[in-house]
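Quick note on labels: first sequence line is chain A, next is B, and so on, each numbered from 1.
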Amino acid sequence: MSLEAQPSSKERDQLRSVRDLLAERGLLNESTIAARLKEENGHRLVDLHTPVPSTSLLEPVDLSDPEALQVIRHSLAHVMADAVQRLFPGTKIAFGPPTRDGFYYDYDKAGPPFGEEDLKRIEALMREIVAQDLPFQREVLSPEEARNRLSKAGETYKLEHLERLIARGEEITFYHHGNWSDLCEGPHVPSTRFLKAFRLTGVAGAYWRGIETNPMLQRIYGIAFADEATLEKHLARLEEAKQRDHRKLGKELELFAFHPWAPAAPFFLPRGALVYNALIDYVRSLYRRFGYLEVITPQVFDRELFLTSGHLPTYSANMFFAASEEGLALIREDLEKAILQEDKAPELAALMKEGVRFALKPMNCPAHALIFKMERRSHRELPLRLADFGRLHRFERSGVTQGLTRVRSFCQDDAHIFCSIDQVQGEIEAFIDLLFGVYKDFGFEGSQIVVATRPEVRIGSDENWNRAEEALFTALRQKGLPFEIAEGEGAFYGPKVEFHLEDAIGRSWQLGTIQVDFNMAERFDLSFVGPDNTPHRPVVLHRAILGSIERFLGVLIEHTAGAFPLWLAPEHIILLTVSERYNAYAQEVLREMQAKGVRAIADLSSEKLGAKIRKARLMRIPYRGVIGEREAQSQTISLTQRDGNQELGALPVQAVIERILSEITPPSMRSSPN
RNA sequence: GCCGCCUUAGCUCAGAGGUGAGAGCAACGGUUUCGUAAACCGUAGGUCCGGGGUUCGAAUCCCCGAGGCGGCUCCA
């Protein structure tokens with residue numbers, strides 16, 4: 001605030017450059033790279049060349065300012081494009097914005113795509129350009145001038161963008177450094193010497209304007225920071241994140257695996273299955289306390305179900321279909337007939353559908369609708385909360401799958417709440433409380449909330465959608481929770497509240513969700529008998545806390561770096577004998593622990609103690625119990641805690657068992673504070 | 001699905017058209033019986049992802065396919 005420059009009355013209504021204004025007000029220094037221009041609602045970043053009314057309120061942004069980064073990164077995108085066009089003449093440019101920790105620029109290059117070597121050359125030339133300390137300059141062009149310049153340069157993508165800007169009536173500005181210029185709204189650093197710390201990190205394909213049917217461009221990514229030290233720190237962070245990657249840890253810790261014959265469908269190995277089941281047990285125990293009823297439903301359904309639910313018209317691209325041999329024979333017959341009759345078979349698709357009668361469920365909701373409908377339901381039964389850990393299969397396009405976080409076969413901690421309209425608010429709010437309690441048990445601090453509204457492809461009336469969306473907004477406001485809106489990203493049957501958490505590499509994943517659905521009940525013609533003895537339409541809430549167990553586990557592995565809290569760990573304790581001489585006593589302890597419900601294992605090999613400890617540490621087992629002469633004599637074990645590598649000394653076996661049992665339940669379910 | 005890269009022993013990785021394809025770890029056998037992050041010796045282990053081609057000769061070059069990785073697009 002103290003830095004804010006006050007305008008004098010003389011200056012009013014003149015356009016002056018930001019640089020001049022700052023200089024005049026004594027706010028300009030060596031490291032000033034841009035300024036914040038105060039506007040009615042907040043502020044906007046402007047660079048030093050931008051002409052602004054001389055009465056403007058300006059705040060200098062120097063190199064160390066967090067907002068300086070986007071200016072630096074954006075400017076580097078320009079420098080990179082300059083380098084690319086010098087090294088690869090004829091390459092067209094598209095968009096080149098700053099990103100979360102760097103920048104990219106999209107290119108349309110003839111000939112072979114960019115390779116490793118090319119990146120090195122480009123980066124080297126960028127450094128040369130930076131060393132020349134070229135000033136960035138801003139110019140305002142008329143639409144005609146801009147068109148001329150871009151068409152002369154053959155920049156077809158930029159021209160397309162220009163027309164869009166002109167149509168919106170925006171001011172057309174170009175920025176240049178040296179001989180290179182680009183249609184761009186800025187802001188940019190005063191000169192290239194501010195662009196000190198950057199690295200080009202990779203090439204990837206990206207559609208022009210992000211639209212799948214558009215041509216694919218080549219995107220070169222870079223990272224950039226204000227100085228080399230911060231850049232190095234960031235690189236170190238990336239390296240650390242790599243160590244936490246759940247795919248790597250999943251293999252090392254023998255949690256899960258994949259096989260090419262079941263692409264994107266994980267195999268949970270014994271250790272992974274233990275954690276997986278611990279997660280499900282945990283949610284089950286919550287269900288018992290929160291009034292959910294678990295059901296088990298079929299895997300494969302007649303397509304009629306999915307026609308009724310609306311999955312077939314809107315979701316079939318994501319479904320696996322299943323045919324019996326009989327069904328396939330039917331298709332063959334029909335195809336042969338069609339060929340013999342030289343029929344172009346417009347109904348070919350329909351014939352296929354006759355044969356491929358079944359589909360694997362991609363969601364549990366239709367099955368739950370069937371259960372709801374199996375009896376005449378009374379309002380006294382509501383809210384009816386049906387939970388299901390059923391296995392779901394979704395056909396995901398080959399390029400999108402990823403470790404455990406995006407798979408084709410998974411299970412959700414899924415439940416559907418059938419309730420009356422006036423129960424909706426309360427159910428949503430209760431669910432949000434439940435969800436945050438769960439996230440706390442796992443040590444997840446912040447989660448980001450997104451409300452996803454009606455998508456283009458959807459079922460149901462707009463009136464239903466209005467009510468459903470309103471219900472979600474109201475509940476969140478009631479809870480005082482901040483949220484973002486993702487326009488058009490809802491499920492086809494209803495809007496969603498999504499709860500997102502980040503993985504180690506900073507990718508954000510949707511885990512929990514609650515969705516309001518007025519449509520399913522209509523499609524399945526669900527009803528319950530109200531207190532007035534007339535039928536009423538229930539509302540269905542779709543909800544999951546962990547989301548998919550697979551994805552949650554993936555994020556959890558990264559969050560904990562594989563060191564699961566004891567209540568989730570595949571093994572609670574490993575017993576390590578100092579030599580094989582003490583194996584008998586160790587086995588005695590092992591049996592006792594196992595009998596008490598402790599997940600204990602023992603390393604009875606002839607390795608030296610140091611080697612056994614190393615292995616146990618690498619497997620991140622929460623407790624290690626060393627057994628040697630002293631322990632065998634005194635009927636104790638020497639306990640060491642994984643976290644902090646803290647030695648707890650020789651303890652009686654019973655004490656160790658009690659200690660472990662006190663941690664065996666999730667934090668929120670422990671009776672004694674611990 | 002699209003663009004690019006990758007696939008060699010159970011794992012991590014060497015091997016860049018020319019001996020019978022290698023190392024470390026793991027496994028197995030033996031020796032050692034050890035006190036808080038790797039004892040020693042030995043043995044075995046390979047359709048070099050699959051298929052086709054070029055070549056006197058292919059792990060290595062080309063084509064097709066599968067799977068994975070980084071993105072784009074799409075999603076729990």
Asks: The side chain of R247(A) is closest to which nucleotide in this list: G35(B), G70(B), C72(B)?
Replies: G70(B)

Asks: Heavy atoms from C-beta onward define the side chain here; which of A76(B), G70(B), U36(B) lies closest to that of E647(A)?
Replies: U36(B)

Asks: For RNA chain B, which residues of residues 625-634 of chain A approach it to below 4.0 angstrom with any heavy atom?
Replies: V626(A), G628(A), E629(A), R630(A), E631(A)

Asks: Can you check nucleotides 59-61 of chain B for protein contacts, nitrogen or oxygen pairs under 3.5 Å, and list what you find?
Replies:
none

Asks: How is K109(A) classified with respect to the nucleic acid when contacts are heavy atoms under 4.0 Å: base, sugar-phosphate, or nothing?
Replies: nothing

Asks: Aromatic contact between W509(A) and F552(A), with the criterion being ring centroids under 6.0 Å apart: yes or no?
Replies: no

Asks: Ignoring the backbone of P263(A), work out which of G71(B), U36(B), G67(B) is nearest its side chain.
Replies: G67(B)

Asks: Heavy atoms from C-beta onward define the side chain here; which of G70(B), A38(B), G35(B) lies closest to that of A611(A)?
Replies: A38(B)

Asks: Report, one pair per line, the protein and nucleotides 5-13 of chain B atoms (nitrogen or oxygen only) whose separation is under 3.5 Å.
Replies:
from, atom 1, to, atom 2, distance (Å)
U12(B), OP1, K251(A), NZ, 2.9

Asks: Could you list the residues that satisfy ring pair (Phe, Tyr, Trp, His ring centres under 6.0 Å) with Y221(A), not counting sequence neighbours?
Replies: Y104(A)

Asks: Looking at residues at least two apart in the chain, or sitting in another chain, which of them share a ring pair (Phe, Tyr, Trp, His ring centres under 6.0 Å) with Y105(A)?
Replies: Y107(A)

Asks: For Q412(A), report the nucleic acid contact type (base, sugar-phosphate, nothing); a contact means any heavy atom under 4.0 Å.
Replies: sugar-phosphate

Asks: Exactly one of R391(A), R406(A), R394(A) should register a salt bridge (Lys or Arg N to Asp or Glu O under 4.0 Å) with E550(A). Which one does?
Replies: R391(A)

Asks: List in chain and number order the residues that pass ring pair (Phe, Tyr, Trp, His ring centres under 6.0 Å) with Y276(A), two or more places apart in sequence or in another chain; answer none if no residue qualifies.
Replies: F268(A)

Asks: Among C34(B), G68(B), G1(B), find the nucleotide with the atom closest to the side chain of Y207(A).
Replies: G1(B)

Asks: What residues form a side-chain hydrogen bond (donor to acceptor under 3.5 Å, both in side chains) with T401(A), not counting sequence neighbours?
Replies: none

Asks: Would F410(A) count as stacking on A76(B) if stacking means ring centres less than 5.5 angstrom apart and planes tilted under 30 degrees?
Replies: yes

Asks: Between A37(B), G35(B), C72(B), spot the one nearest the side chain of S638(A), thanks.
Replies: G35(B)

Asks: Only counting residues at least two apart or in another chain, list the ones meeting side-chain contact (heavy atoms from CB on, under 4.5 Å) with D414(A).
Replies: N364(A), Q412(A), H416(A)

Asks: Between A37(B), C75(B), U73(B), which nucleotide has the shortest distance from any of its atoms to the side chain of E212(A)?
Replies: U73(B)

Asks: Nearest nucleotide by nearest heavy atom, which residue falls closer to the 5' end of RNA chain B, V203(A) or I211(A)?
Replies: V203(A)

Asks: Contact class for A486(A) vs. all strands (heavy atom < 4.0 Å): base, sugar-phosphate, or nothing?
Replies: nothing

Asks: In residues 389-401 of chain A, which residues come under 4.0 Å of RNA chain B by heavy atom?
Replies: R394(A), E396(A), R397(A), S398(A), G399(A), V400(A), T401(A)

Asks: Could you run through RNA chain B and flag its stems, i.e. three or more consecutive Watson-Crick or G-U pairs with both distances under 3.5 Å?
Replies: B:1-7 with B:66-72, B:10-13 with B:22-25, B:27-31 with B:39-43, B:49-53 with B:61-65

Asks: State whether the side chain of Q218(A) and the backbone N or O of F114(A) hold a donor-acceptor pair below 3.5 Å, judged by distance alone.
Replies: yes

Asks: So what does Y221(A) touch, heavy atoms closer than 4.0 Å: a base, only the sugar-phosphate, or nothing?
Replies: sugar-phosphate

Asks: Would you mind telling me which residue lines up with the more 5' stretch of RNA chain B, R551(A) or G210(A), judged by nearest nucleotide?
Replies: G210(A)

Asks: Atom pairs, N/O to N/O, protein against nucleotides 47-52 of chain B, distance under 3.5 Å?
Replies:
none

Asks: Could you check whether R642(A) makes a cation-pi contact with F564(A), meaning its NZ or CZ is under 6.0 Å from the centre of the six-membered ring and within 45° of the ring axis?
Replies: no

Asks: Taking only the side-chain nitrogens and oxygens of Q510(A), find out if one of them lies under 4.0 Å from OP1 or OP2 of A76(B).
Replies: yes

Asks: Look at the side chain of I613(A) and decide which nucleotide, out of A37(B), A76(B), U32(B), has an atom nearest to it.
Replies: A37(B)

Asks: Expressed as a whole number of Å, how far does the P atom of A9(B) sit from that of A59(B)?
Replies: 15 Å

Asks: Can you measure R408(A) atom CZ to C74(B) atom C1' for me and round it to whole angstrom units?
Replies: 13 Å

Asks: Considering every strand and a 4.0 Å limit on heavy-atom distances, what is the contact class for A206(A): base, sugar-phosphate, or nothing?
Replies: sugar-phosphate

Asks: Given the P atoms of U7(B) and G15(B), what is the spacing between them in whole Å?
Replies: 11 Å

Asks: Less than 3.5 Å between a donor and an acceptor, one on the side chain of R406(A) and one on the base of C74(B), is that the case here?
Replies: yes

Asks: Excluding sequence neighbours, so at least two apart, what forms ring pair (Phe, Tyr, Trp, His ring centres under 6.0 Å) with Y493(A)?
Replies: H542(A)

